[in-house]
Amino acid sequence: MAILLAVWFVCSYVLGIFLVEPLNGTRIGGFPLGFWFAHQGSIYVFIVLILVYAAMMDRLDRRYGVD
Amino acid sequence: MNVQAWTYLIVTATFALYIGIAWWSRVRTTSGFYVAGRGVPAVANGMATGADWMSAASFISMAGLISFMGYTGTIYLMGWTGGYVLLALLLAPYLRKYGKFTTSEFVGDRYYSDAARLVAAGCTIFVSFTYIAGQMRGVGVVFSRFLEVEVHWGVIIGVVIVFFYAVLGGMRGITYTQVAQYCVLIVAFLIPAAAISWKITGNPIPQLGFGGTVQEGQQAGVFLLEALDALHRELRLPEYTAAFVPGKKSMIDVTAIALALMVGTAGLPHVLVRFYTVRSARAARWSALWALVFIGLLYTTAPAVAAFARVNLISTLHNTSYSEVPEWFKSWETTGLISFDDQDGDGVIDMSDGANELTVDQDIMVLANPEIAELPAWVVALVAAGGLAAALSTAAGLLLVIASAISHDIGKSILWKDMSSRRELLLARVTASVAVIVAAYFGISPPGFVAQVVAFAFGLAASSFFPVLVLGIFTRSTTKEGAIAGMSSGILFTGAYIVYFRLIRPEATAEDWLFGISPEGIGAVGMLINFALALIVSRFTKPPPDEVQRLVSEIRLPRERAADG
């Protein structure tokens, strides 16, 4: 879980806020990269994070014999 | 059929649907009233959470706000979605596992103190009322703009509908109407967005069109965002995609606001209570995922709409003669949402910085979008129904939280401990009715400060609830003295800072702010103070009783609690 929270921090704060200016030098399609993280990427990453967490906890639940 | 006839038709149809659902899912037990009998499937709860969470502000105002802020709009995009990660990982499953009906109840039990519970219930009521007034206002405004009825009649119609399904159906009624409301609002948001994306970039998926190229006009073949930056340069404004340049918020302020909104989201009582309605901790995790998927659908579309609307606005209006403005400009001018003040008297609209002659309200970006994109009348009507769905669903969720804080946390557990379930249910219904009427009053004649306070409800939730809940779940040693000291210092510090810079010295600039953090972001500092004080005070006070320490260890084991309320 600490890893997931670290990813949460890196994708939103580091890529979307702290490093937005250097990243904006790179372009993917029509997006400056830092701007894309701030306006789109971070939200997709959030969804994936919860998905990974919910799946991991399901595995843990099964190991301990809970539905 | 004209726009108004379509609007009447669609709004009446959706209202009939909500009432029908409420009648079908009416409840007779306290468990049904507070937490929908804990039988809500994860996907349905995710949708209901989406509708509960996305208010009139998300639906009507957010895209417009981003449109004017450019990069800085990320504070809303990240701030209002990132909180769900915290919610799913740190709070929802554990609170669901603990069971019971309200978050204040958890605070009261974990910190073995009625005082802590009372403070939590008080914060709940305060945060929820500031929020609900804004929703009722939103209902009134949509009615008055699209159906040309007076704002106060709009509010009254809205109140009657909410009254019917919240008081009759309780949490069960609210949940299933929210599912329907989510469907209405997302369709109403996506159809105009897809149409405008297709029109400008030739790609009907806004998230992709956002990074695509402009199809027509002088800018044809240029990437949309580059074209937008070029337009901004022409107007001597900071580039749309640029961050932290003069005229935009600083890095520390953006960080603080995003953090305050995220943590505030995770601490909002009406969002937390949604996770009490599912079957298990596992379902709570999955429904947090579904909630963010459904919310993300709107939140990834909104920045695209913001950029399209901005390009459209500048390219159709800048350097255009007032006598040649498009039809929609004239029709929205009568509502006062857009106005032209010809300062140099040449009859041509100038939007450049310093010589700007155009005043545009942020709400117009979503409300007038279908007209700007020349879509048929029924789409315009759908947007009205979507705005109403967003406002009503949020209002109902808040109302229920207020009713349960009063009847369950204050009434049942502190005033009348031996009240029967039947009496408690009656009390909950009566409180809900009274709360509806108070909310209606605030909606019709909002006290001047309400609009300013709503945005700060997040700061207050961030600085009061979040630290106490996290410490309550993840540490055994946090004591009741620590929790009460943390909660009250956090909310007092945040509240005082907001009042000082909003009401007493509203003219203050970034140099006067603490570390350059604006009042919107100060909740992040309040939260740190709360954490720090709670931990320090806990070290110097008597440790919590054994049964509380056991309870904390048990909550984090992967096993369901047998005693489910």
Side-chain angles (χ1 to χ4, degrees), chain A, chain B residues 66 70-75 77-79 81-90 93 201 207-208 210-213 222-227 229 240-244 251 254-255 258-259 262 280-282 285-286 288-293 295-296 299-300 302-304 306-307 557-560:
Chain A
M1 194 172 80
I3 297 173
L4 292 180
L5 281 180
V7 176
W8 169 79
F9 180 80
V10 167
C11 287
S12 50
Y13 289 96
V14 177
L15 297 181
I17 299 182
F18 303 147
L19 294 180
V20 65
E21 285 171 329
L23 284 177
N24 272 354
T26 316
R27 290 184 164 268
I28 292 192
F31 290 109
L33 191 57
F35 177 84
W36 182 81
F37 263 105
H39 274 209
Q40 298 271 296
S42 54
I43 301 177
Y44 300 131
V45 173
F46 294 155
I47 294 176
V48 173
L49 282 177
I50 303 185
L51 176 70
V52 171
Y53 175 71
M56 268 169 42
M57 290 305 276
D58 270 8
R59 261 213 341 244
L60 205 67
D61 276 359
R62 264 200 300 280
R63 190 181 308 160
Y64 289 92
V66 187
D67 282 325
Chain B
I66 298 168
Y71 163 79
T72 313
T74 187
I75 54 176
L77 294 167
M78 282 209 280
T81 52
Y84 280 85
V85 178
L86 299 175
L87 201 62
L89 268 59
L90 301 176
T201 66
Q207 286 83 345
L208 298 177
F210 194 16
T213 52
V222 181
F223 280 123
L224 176 89
L225 287 167
E226 279 175 9
D229 282 345
Y240 189 80
T241 57
F244 321 129
M251 186 189 289
V254 170
T255 311
L259 186 62
M262 283 186 192
S280 62
R282 174 173 183 268
R285 290 190 290 267
W286 286 103
L289 173 69
W290 284 115
L292 190 59
V293 168
I295 292 169
Y299 272 60
T300 53
L557 284 178
R559 175 159 30 89
E560 301 297 326

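Within every chain, numbering begins at 1; the chains are lettered A, B, ... in the order of the sequence lines, protein sequences first and strands thereafter. Atoms considered below: every heavy atom in the structure, side chains included; atoms not considered: hydrogens, waters and symmetry mates.
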So which atom in A/I47 and which in B/L289 form the shortest heavy-atom distance, rounded to 0.1 Å? O-CD1, 3.4 Å

Sorted by chain and number, sequence neighbours left out, side chain to side chain donor-acceptor pair (under 3.5 Å) with B/Y299 holds for B/S58

Can you measure from CG (B/L86) to CG (A/L49) and round to the nearest 0.5 angstrom? 10.5 Å

Is there side-chain contact between B/W286 and A/L51, with heavy atoms separated by less than 4.5 Å? yes

